[in-house]
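What you are looking at is a predicted structure, and each value in this text was computed from that prediction instead of being measured.
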Amino acid sequence: MNGNLVKLSDFKGKLVYMDIWATWCGPCVEEIPNMEKLYQHYKDDPRILLVSVSVDSKKNLWEKKLDEDKPQWPQYIVDGALKDKLYNEYIITGIPRFMMFDSEGRIITINAMRPSNGKLIPFIEEQLSKPKEIKGPGGMKMIKLK
């Protein structure tokens with residue numbers, strides 16, 4: 001909202017669940033209350049970050065919607081060349097689109113379940129409980145357990 005550029009790498013160290021949406025997208029707007037519930041479920045868990053990224057071309061409509069809903073999780077907007085890059089890099093052909101990235105920024109899925117799907121929280125829990133691979137001396141692979 002403040003015009004600062006944010007990159008996925010800025011969230012390194014956290015599992016990221018990303019919502020790609022727009023104010024004009026009915027199914028996107030229908031998921032907002034479910035995102036709120038998901039946020040409430042995970043708001044005190046430092047291992048995960050929920051992020052919503054709007055692809056609205058009219059920033060004022062996005063700002064108005066945020067003013068109405070007052071979401072508590074991070075909200076971003078992309079447009080122009082950045083929107084095209086987002087769509088191309090993650091093969092986005094329609095919204096809403098939900099994606100998940102591991103704590104190293106690697107893709108877990110670019111077609112994650114919607115927040116309204118009852119299987120999402122168990123899937124997130126599974127991802128959070130996976131051991132983390134770290135590099136040891138000389139590039140040796142090591143596993144960090146929880």
Side-chain angles (χ1 to χ4, degrees), residues 1-57 59 62-63 65-66 69-146:
M1 281 186 85
N2 57 15
N4 293 336
L5 183 65
V6 177
K7 298 178 280 189
L8 186 58
S9 60
D10 294 337
F11 307 133
K12 195 170 183 177
K14 295 181 183 284
L15 180 81
V16 176
Y17 180 75
M18 186 179 295
D19 164 25
I20 309 296
W21 74 290
T23 58
W24 47 262
C25 167
C28 299
V29 173
E30 286 176 15
E31 287 294 337
I32 292 172
N34 298 303
M35 274 294 283
E36 175 65 35
K37 288 176 189 169
L38 191 63
Y39 169 76
Q40 290 302 324
H41 185 86
Y42 284 110
K43 70 180 181 180
D44 296 323
D45 190 332
R47 303 172 299 162
I48 183 170
L49 179 67
L50 275 61
V51 175
S52 289
V53 178
S54 170
V55 293
D56 277 283
S57 54
K59 189 176 179 185
W62 172 68
E63 289 170 334
K65 183 68 176 154
L66 296 185
D69 293 350
K70 300 191 181 353
Q72 297 175 35
W73 62 96
Q75 302 289 318
Y76 302 100
I77 189 168
V78 297
D79 60 8
L82 288 177
K83 179 179 168 182
D84 292 341
K85 185 174 182 180
L86 176 72
Y87 272 58
N88 290 333
E89 287 196 17
Y90 296 103
I91 315 163
I92 297 173
T93 56
I95 56 173
R97 169 67 71 86
F98 297 90
M99 302 186 288
M100 194 176 297
F101 303 88
D102 72 9
S103 61
E104 296 299 314
R106 296 177 296 227
I107 296 169
I108 293 172
T109 178
I110 58 171
N111 289 303
M113 291 174 249
R114 292 182 181 199
S116 57
N117 188 323
K119 295 178 181 176
L120 178 60
I121 288 177
F123 182 75
I124 289 173
E125 291 299 319
E126 180 185 323
Q127 300 310 309
L128 289 171
S129 67
K130 284 186 175 180
K132 218 165 127 179
E133 185 179 288
I134 56 175
K135 299 285 183 188
M140 179 176 54
K141 288 184 183 180
M142 301 172 71
I143 299 292
K144 179 180 180 185
L145 300 175
K146 294 184 192 178

Practice task
Kindly say whether Lys119 contributes a backbone atom to a donor-acceptor pair with the side chain of Asn117 at under 3.5 angstrom?
Solution key: yes
Handout entry: Ser52 and Trp73, any side-chain heavy atoms less than 4.5 Å apart
Key = yes
Exercise for the section: Mind listing the closest non-hydrogen atom pair of Ala22 and Ser54 along with its distance? Expected result: CA-OG, 4.3 Å
Problem - Close side-chain approach of Val55 to Ile92, heavy-atom, < 4.5 Å - result: no
Exercise for the section: Output, in order, the C-alpha distance, side-chain angles, deciding distance and verdict of side chain to side chain contact (heavy atoms under 4.5 Å, CB included) for Tyr76 and Asn4. Expected result: CA-CA 10 Å; Tyr76 302 100; Asn4 293 336; over 6 Å; no
Exercise for the section: Please report the C-alpha distance between Val16 and Ile48 in whole Å, then the side-chain angles of each, then the deciding distance to 0.1 Å, and finally whether the side chain to side chain contact (heavy atoms under 4.5 Å, CB included) criterion is met. Expected result: CA-CA 6 Å; Val16 176; Ile48 183 170; over 6 Å; no
Exercise for the section: First locate atom CD of Gln127, then atom OG1 of Thr109, and finally report the distance between them rounded to the nearest 0.5 Å. Expected result: 9.0 Å
Problem - Nearest-0.5 Å distance that lies between atom CH2 in Trp24 and atom CH2 in Trp62 - result: 16.0 Å
Problem - Distance-minimising heavy-atom pair for Leu49 and Pro74 - result: CD1-CG, 3.9 Å
Practice task
Give, for atom OH of Tyr39 and atom CD1 of Ile32, the distance between the pair rounded to the nearest 0.5 Å.
Solution key: 15.5 Å
Problem - Trp21, Phe123, Tyr17 screened by ring-ring contact (aromatic ring centres under 6.0 Å, His included) with Phe98, the one that passes - result: Tyr17
Problem - Side chains of Leu82 and Leu86 in contact at under 4.5 Å (non-hydrogen atoms) - result: no
Completion exercise
Closest non-hydrogen contact found for Ile108 with Phe101 is CD1-C, 3.8 Å
Problem - Close side-chain approach of Met18 and Val53, heavy atoms under 4.5 Å - result: yes
Problem - Contact check, side chains of Leu15 and Ser103, non-hydrogen atoms, under 4.5 Å - result: no
Handout entry: Considering all heavy atoms, the nearest Leu120-Met113 contact
Key = N-SD, 3.8 Å
Practice task
For the residue pair Ile20 and Pro96, establish whether any side-chain heavy-atom pair is separated by less than 4.5 Å.
Solution key: no
Problem - Set of residues satisfying side-chain contact (heavy atoms from CB on, under 4.5 Å) with respect to Asn34, sequence neighbours excluded - result: Glu31, Lys37, Pro115, Ser116
Problem - Residue pairs fulfilling salt bridge (Lys or Arg N to Asp or Glu O under 4.0 Å) with at least one residue in residues 4-25, sequence neighbours excluded - result: Lys12-Glu104
Problem - Minimum heavy-atom distance between Gln75 and Leu66, given as atom pair plus value - result: OE1-CD2, 3.5 Å
Practice task
Determine yes or no for a side-chain-to-main-chain donor-acceptor pair under 3.5 angstrom, with Asp56 supplying the side chain and Thr23 the backbone.
Solution key: yes
Practice task
Please examine the side chains of Tyr87 and Ile95, heavy atoms only from C-beta on, and report whether any two atoms are closer than 4.5 Å.
Solution key: yes
Problem - Distance in Å, Leu50 CG paired with Glu36 CD, rounded so as to fall on 0.5 Å steps - result: 10.0 Å
Problem - Student check: side-chain heavy atoms of Lys65 and Val29 closer than 4.5 Å - result: yes
Practice task
Quick one: which residue pairs count as a side-chain hydrogen bond (donor to acceptor under 3.5 Å, both in side chains) with a foot in residues 88-102, not counting sequence neighbours?
Solution key: Arg97-Asn111, Asp102-Arg106
